[in-house]
Amino acid sequence: MIRVTENFRIIQDLLANAALDAGRPAKSVCLLAVSKRKPLEAILEALAAGQRDFGENFVQEGLAKIEETANNDIIWHFIGHLQANKSRPVAEHFHWVHTVDRLKIAQRLSRQRPYYADDLNICIQVNIDREEGKSGVMVEDLAELAHAIAPLPRLRLRGLMCIPAVQETLEEQRKPFAKLRKELEALTKSGLNLDTLSMGMTADYAAAIHEGATIVRIGTALFGKRE
Ligand SMILES: *Cc1c(COP(=O)(O)O)cnc(C)c1O
């Protein structure tokens, strides 16, 4: 049995300490609980402990969990690779999408977001380490994409997201996160109103917080290893 409640408290402390270490307010980092491939009971336990933001990678699995927890006040984040033909249910049922990396997907989400819902929060995924076969826009194409997405109706462009290559040391882990922060600063200077850096997971959250992460996406440390 994984002790989600206990893990939740431990992680909250770790995140708060990492923030203080970085000279940031403890509350400036939002914990996104990544519940992919974990059962509903795990989500309910985290929810009971006080967690509100949950992240899912797969459309069908996410939709099922959203339906099963409909009576709760959960903020749902889509953090997986999004295929164009599956954008509609994501536009209809999630509050955030962290993985937009091309205009076509943003345009579809904009068209498909229901008029009665709040604007859908969007992060652009950046392929920060220029890895082959990895999702994300390359930095040289980022500004054009961001300025094309920002004016789309029913979307609110919030910031940037990345999943860097695995590094062993804190110092190496910080480099790609620092790069993403600089990209966000450049976009802000160019007139966009952005406030979100979605970066850092179980293995590298401390490095990400040092470089300004506002959302860290934590799965394993909270729910245990995935099958
Ligand atoms: C699975 C996943 C996570 C969580 O990873 P852990 O190492 O289990 O904390 C975070 N972000 C994305 C995009 C993921 O797919």
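In listed order, ligands and their atoms are each counted from 1.
At a heavy-atom distance under 4.0 Å, atoms from both the backbone and the side chain of Thr202 approach ligand 1. Looking at Thr99 against ligand 1, nothing comes within 4.0 Å, counting heavy atoms.
In this structure the side chain of Arg130 reaches within 4.5 angstrom of the side chain of Val139, judged on heavy atoms.
With hydrogens left out, the protein atom closest to atom 11 (N) of ligand 1 is Arg217 NE, 2.8 Å, a heavy atom. With respect to atom 10 (C) of ligand 1, the closest heavy atom belonging to the protein is Met201 SD, 3.2 Å. Among protein heavy atoms, atom 1 (C) of ligand 1 sits closest to Lys36 NZ, 1.3 Å.
Listed by number with element, the atoms of ligand 1 under 4.0 Å from a non-hydrogen atom of Ile79 are 11 (N), 12 (C), 13 (C), 14 (C). Which parts of ligand 1 touch Asn57 is read off a 4.0 Å heavy-atom cut-off, strictly below it: atoms 14 (C), 15 (O). Ligand-side atoms of ligand 1 in range of Thr220: 6 (P), 7 (O), 8 (O), 9 (O), range being under 4.0 angstrom from any heavy atom. Atoms of ligand 1 found under 4.0 Å from any heavy atom of Ile163, numbered from 1 in the order shown, are 13 (C). Each of the following atoms of ligand 1 lies closer than 4.0 Å to a heavy atom of Ile218: 9 (O).
Ion pair Arg181/Glu185 flagged as a salt bridge, since at least one NZ, NE, NH1 or NH2 atom sits closer than 4.0 Å to an Asp/Glu carboxylate oxygen. Glu61 has a carboxylate O that lies under 4.0 Å from a charged side-chain N of Lys65, or vice versa, which qualifies the two as a salt bridge.
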**Asked** Would Lys38 and Ile43 satisfy side chain to side chain contact (heavy atoms under 4.5 Å, CB included), going step by step from the backbone distance to the final call?
**Response** CA-CA 8 Å; Lys38 290 293 170 184; Ile43 293 176; 5.8 Å; no
**Message:** One pair to check against salt bridge (Lys or Arg N to Asp or Glu O under 4.0 Å): Glu6 and Arg9. What are the steps and the verdict?
**Reply:** CA-CA 5 Å; Glu6 198 176 316; Arg9 308 242 173 276; over 6 Å; no
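Between Ala221 and ligand 1, no N or O atom pair is found at a separation short of 3.5 Å.
Side chains of Thr99 and Gln125: no donor on one and acceptor on the other come within 3.5 Å. Under the 3.5 Å distance criterion, with hydrogens and angles disregarded, a donor-acceptor pair is assigned to the side chains of Asp53 and His77.
Using a 4.0 Å heavy-atom cutoff, His98 is absent from the residues neighbouring ligand 1.
The CZ atom of Arg88 sits 4.5 Å away from atom CD of Gln112, with the distance rounded to the nearest 0.5 Å.
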